[in-house]
Protein chains: 2
Amino acid sequence: MSSARSSENQKSGVAFLLTQVGAHAAFQFAERLETLKLDPAHAGILRAINAENGLSQRELAKLMGMFPSRLVLVLDELEKAGLIERKASAEDRRTHMLHLTARGKETLQNIGRIAREHQDAFCAALNASERETLAALLSKLAAHHHLTPGVHPGYRKL
Amino acid sequence: MSSARSSENQKSGVAFLLTQVGAHAAFQFAERLETLKLDPAHAGILRAINAENGLSQRELAKLMGMFPSRLVLVLDELEKAGLIERKASAEDRRTHMLHLTARGKETLQNIGRIAREHQDAFCAALNASERETLAALLSKLAAHHHLTPGVHPGYRKL
DNA sequence: TATTGTTATACTCTATAACTATA
DNA sequence: TATAGTTATAGAGTATAACAATA
């Protein structure tokens, strides 16, 4: 056996590969999003508001796993960019129901396009069958860990 | 076709699954590391110093993709914990050669054990064959994106 | 009194810029 | 002068606490 020592290739385990490749994918997606002057948190919030129209800020914060006070600032940005609206509820005037504007829906479609471009580029080394296999294995892991579909774990301590 | 609207399951693409599952794996590994009072950056640095003994701080910073000034503080912590040593070089007394102490090597083995436990728990939903398949696909992606084996991309803008 | 959204405060984190000591 | 490591400064990000409006 060769000399060992120095740069011993302790082949990375699959769990480490997941964090490594996953972080790289996240970074590249964020880079692409910059063309829309958005970051991943913006994209996730737009997606959530579209999926569940009329959400309150409290509900959205809980869904996204972030503090309501932090959400306020992000929504301020999105509202200033004309992508969402806060509409006071008729029944309870404390709550703000969140909606996408027409421009917000348009932006959401652009995000979808960017996500597809990102995916194609990132998985260029895999053929269609391999991508399906990978997706199936990851879905199994995601389900096992009860990850909410479409929601990136932001992980601030609760 | 059923009613659509609200919570339309726009099935996550494989790229998103990667970032989602990867972030979750990273989080759970970090949690486990807390039992050693270390964080993932510490673990990566110990691993790098062990692999390439006598590294200078400059070289290590470049390898890890972090700023030398930030590395100083992390190394301070590791040195205070008795896991590494800075030894002044004989040839160039400006540079500090980095080494693991006996306790550092011991800790590195504990990290390895924790990493294996983490991997087993995280991949519990997959059988041995599926894990191999997943590792192979991820390795292919990692190679395609020129990710350094064993180094987590910290991604501060350079 | 309890709850929604907001604002304010305090704390952490870290990139950049000085600084020192060697070369 | 140039480089290795260190320290200092400043700015961004954000969790917690306080607050105002409504219930």
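Just so we're on the same page: letters track the sequence lines, and every chain starts at 1. Any value given below was found using the heavy atoms of this structure, including those in side chains, with hydrogens, waters and symmetry copies removed.
- The CD atom of B:Glu59 sits 13 Å away from the C1' atom of D:dT3 (whole-angstrom rounding).
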> How would nucleotides 18-23 of chain D be written as a contact map, 5' to 3', with B for base contact, S for sugar-phosphate-only contact and - for no contact, using protein heavy atoms under 4.0 Å?
Replying inline: ---BBS
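- The distance from atom CG of A:Leu71 to atom C1' of D:dT16 is 16 Å, rounded to the nearest whole Å.
- Within the 4.5 Å cutoff, the side chain of B:Ile111 has heavy atoms near those of the B:Thr107 side chain.
- Two residues are said to be in side-chain contact when any heavy atoms from C-beta on lie closer than 4.5 Å; A:Glu79 and A:Arg86 meet this criterion.
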> Tell me, for nucleotides 6-13 of chain C in 5' to 3' order, what letter each nucleotide earns: B for a base near a protein heavy atom under 4.0 Å, S for only sugar-phosphate near one, - for neither?
Replying inline: BB------
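- A donor-acceptor contact shorter than 3.5 Å links the side chain of A:Glu130 to the backbone of A:Asn127.
- Contact check of residues 39-46 of chain A against DNA chain D (heavy atom, cut-off under 4.0 Å) returns no residues at all.
- In this structure, CG of B:Leu63 is placed 17 Å from C1' of D:dA4, rounded to the nearest angstrom.
- Atom-to-atom, CE of B:Met97 to P of D:dA4 comes out at 15 Å; the value is rounded to the nearest Å.
- Side chains of A:Gln119 and A:Arg131: no donor on one and acceptor on the other come within 3.5 Å.
- In this structure, A:Glu132 places its CD atom where only 12 or fewer heavy-atom neighbours from other residues, nucleotides or ligands lie under 6.0 Å away.
- A:Thr148 contributes no side-chain N or O that, together with a main-chain N or O of A:Val151, makes up a donor-acceptor pair within less than 3.5 Å.
- With 3.5 Å as the limit, one finds no donor-acceptor pair spanning the side chains of A:Gln28 and A:His118.
- Whole-Å rounding puts the A:Met66 CE to C:dG5 C1' distance at 14 Å.
- Residue A:Phe67 contributes atom CZ, which lies 17 Å from atom P of C:dT3 at whole-angstrom precision.
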>> Run the ring pair (Phe, Tyr, Trp, His ring centres under 6.0 Å) test on A:Phe122 and B:His145 for me, step by step, so that the C-alpha distance in whole Å, both residues' side-chain angles and the decisive distance to 0.1 Å come before the verdict.
In response: CA-CA 8 Å; A:Phe122 194 82; B:His145 290 285; 4.1 Å; yes
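- B:Lys80 places its NZ atom 14 Å from the P atom of D:dT6, with the value rounded to the nearest Å.
- Contact between A:Thr19 and B:Ala26 at its shortest, heavy atoms only, is CG2-N, 3.5 Å.
- Put simply, NZ on B:Lys62 is 17 Å from C1' on D:dG5, counting in whole angstrom units.
- With B:Thr101 contributing its side chain and B:Leu83 its backbone, the two residues share a donor-acceptor pair below 3.5 Å.
- Residues A:Ala125 and B:Lys140 approach most closely at O-CD, 3.6 Å, considering heavy atoms.
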